[in-house]
Amino acid sequence: MKTALITGITGQDGSYLAELLLKKNYVVYGIVRRSSSCNFERISHIQDDIKLIQGDLLDQNSLIEAIEDSKPDEVYNLGAQSFVPTSWNQPVLTGEFTALGVTRLLEAIRLKNKNIRFYQASTSEMFGKVRETPQNEKTSFYPRSPYGVAKTYGHWITVNYRESYGLYSCSGILFNHESPRRGLEFVTRKVTDSVARIKLGLLKELKVGNLEAKRDWGYAGDFVEAMWLMLQQDEPDDYVISTGKAHSVRELIDTAFSHVGLNWQDYVVTDPKFVRPAEVDVLLGDSSKAHEKLKWKPRVKFEELIMMMVDSDIKRHESSAKL
Ligand code: NAP
Ligand code: G4F
C-alpha cells in the first residue's frame, strides 16, 4: 500500500486526485491551512478516508513535520495562489506561495527522504505570450502575470532538484482544466454558475472581460490521472497535459447559454474591470509526449464539460432554493 501527501487537497484538483488515489488503495494525507471557518466543501464526502495535517507552504517546519508524520512515497504539490488576477494585487504573496513554496517542499523532501517522488503543478500560463503554437515541452516560456512568473520559478526549481540531487521530481505543465468543483471566480465556472442563476430567474446579467481569449479547456477528473501516471514511470520527466483544442471565451459563453435554450447576447455585457493588465491571448497544447509515454488521453470533450458544469450549477441552486 502506497502513501501520498497532497498540498492543496481542499482545491479542485486536490479533491479529484485524493479520490483517484483512494480508489487505487493509497493512504492519502493532505496538508490544510488553518482557517477560521471550514473550507472542506470539496473533500467533505471523503473526509473520513483521508488524513489531514495542518501546514502551510509559507512555513518550512510545518512541511518538514508533514513529511515526517505522513512518510509519503509520493508528494503532489498542488497548493498555490492559483487565480491569475489576484497575482497582480498580491505579487509578493503569490511569489511566496507559488514559487518559494515549491523550494520549501523540495527542501523538506531532500532533508527527510530523497526517495520520495514529487509532482509539481506547473501550468500553461508559463507559455504566456506564446513563442509557437501548439505549445509542447520544448516551447520556451514567456509568462505574462506574476502568477505565471512564480510558476516558472516553481517549474525550474523542480527540474533543478532533479538534476542537482537526483530527486524523482516531475513537472506537469497542465493546460486549463475545469469541473463542477472549479472556483467561482474562474471564467468557466463564473459563466456556468451565472447561466444557471439566469435560467432560474436569480440573476439578470453576466459581466465578463475579454471575449476573444482562447484556452485549451479540459476536465479536471481526466487531468489528475496524468499527475499520477507521471510518478509511476521509470524515470522522472516533464509533460504537457492538454486536450489539443482551443475555444474562445465567446464560444464558452455561447455553449453554456445554448444548453439552457437562451441567447447569450441578451444577457452578457463586457466590463473593463475584468480585463487584465497583460493578457494571454491563445493557449493550445500538444500533449503527444504524454499520449506516447504515459498512454494518457483526455476523455471529456469541451461541450460535455460545459454542459456538465451548467447542469451541476442548476441542480445546486435548485436544491438550495428548496431549503
Ligand atoms: P485551487 O482550486 O485554487 O486550489 C488551490 C489549493 O492551494 C487550495 O487547496 C488552497 O487551500 C491551497 N493553498 C493556497 N495557498 C496555500 C498555502 N500557502 N499553503 C498550503 N496550501 C495552500 O487550484 P486548482 O485549480 O485545484 O489547481 C491546483 C494546482 O494546479 C495549483 O497549483 C494551480 O496553480 C495549478 N494549475 C491549475 C490549473 C487549472 O486549470 N486548474 C492549470 C495548471 C496548473 P485553501 O483551500 O486553504 O485556500
Ligand atoms: O478562467 P481564467 O481566470 O483562467 P486563466 O487565467 O487561464 O488561469 C487558469 O488556468 C491556468 C492554466 O493555463 C492555471 F495555471 C491558473 O491557475 C488558472 O487555473 O481566465 C481564462 C480567460 C482569460 O483570458 C481571461 O482574461 O478568460 C478571460 N476572461 C474573460 N472574462 C475572464 C473573464 N476570466 C475571468 N476569471 N473572469 C472573467 O470575467
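When a ligand or atom number is given, it counts from 1 through the structure's own listing order. Values in this document were obtained by computation on a predicted structure and should not be read as measured data.
- Results of the side chain to side chain donor-acceptor pair (under 3.5 Å) test with His247 over Arg250, Glu251, Lys245 single out Glu251 as the only residue that passes.
- Closer than 4.0 angstrom to ligand 2 by heavy atom are Ser82, Phe83, Val84, Thr123, Ser124, Glu125, Tyr147, Asn176, Arg182, Glu185, Phe186, Val187, Lys190, Val208, Gly209, Asn210, Ala213, Arg215, Val249, Phe274, Arg276, Glu279, Leu283, sorted by chain and number.
- In this structure, Arg197 contributes its side chain and Leu203 its backbone to no donor-acceptor pair below 3.5 Å.
- A salt bridge is defined here as a Lys NZ or Arg NE, NH1 or NH2 lying under 4.0 Å from an Asp or Glu carboxylate O, and Arg189 with Asp313 meets this definition.
- The heavy-atom pair separating Gln81 from Thr98 by the smallest distance is N-OG1, 3.2 Å.
- For ligand 1, the 4.0 Å heavy-atom shell takes in Gly8, Thr10, Gly11, Gln12, Asp13, Arg33, Asn39, Asp56, Leu57, Leu78, Gly79, Ala80, Ser82, Phe97, Ala121, Ser122, Thr123, Tyr147, Lys151, Leu174, Phe175, Asn176, His177, Arg182, ordered by chain and residue number.
- Shown are Arg182, Arg316, Lys199, Lys315; of these, the salt bridge (charged side-chain N to carboxylate O under 4.0 Å, His left out) with Asp193 is made only by Arg316.
- For Phe127 and Phe141, the ring centers are positioned less than 6.0 Å apart.
- Residue Glu41 qualifies as open at atom CD: its count of foreign heavy atoms under 6.0 Å is 12 or below.
- Ion pairing between Lys24 and Glu74 fails under the 4.0 Å rule for side-chain N and carboxylate O.
- Looking at Glu225 and Lys295, no side-chain N of the basic residue comes within less than 4.0 Å of a carboxylate O on the acidic one, giving no salt bridge.
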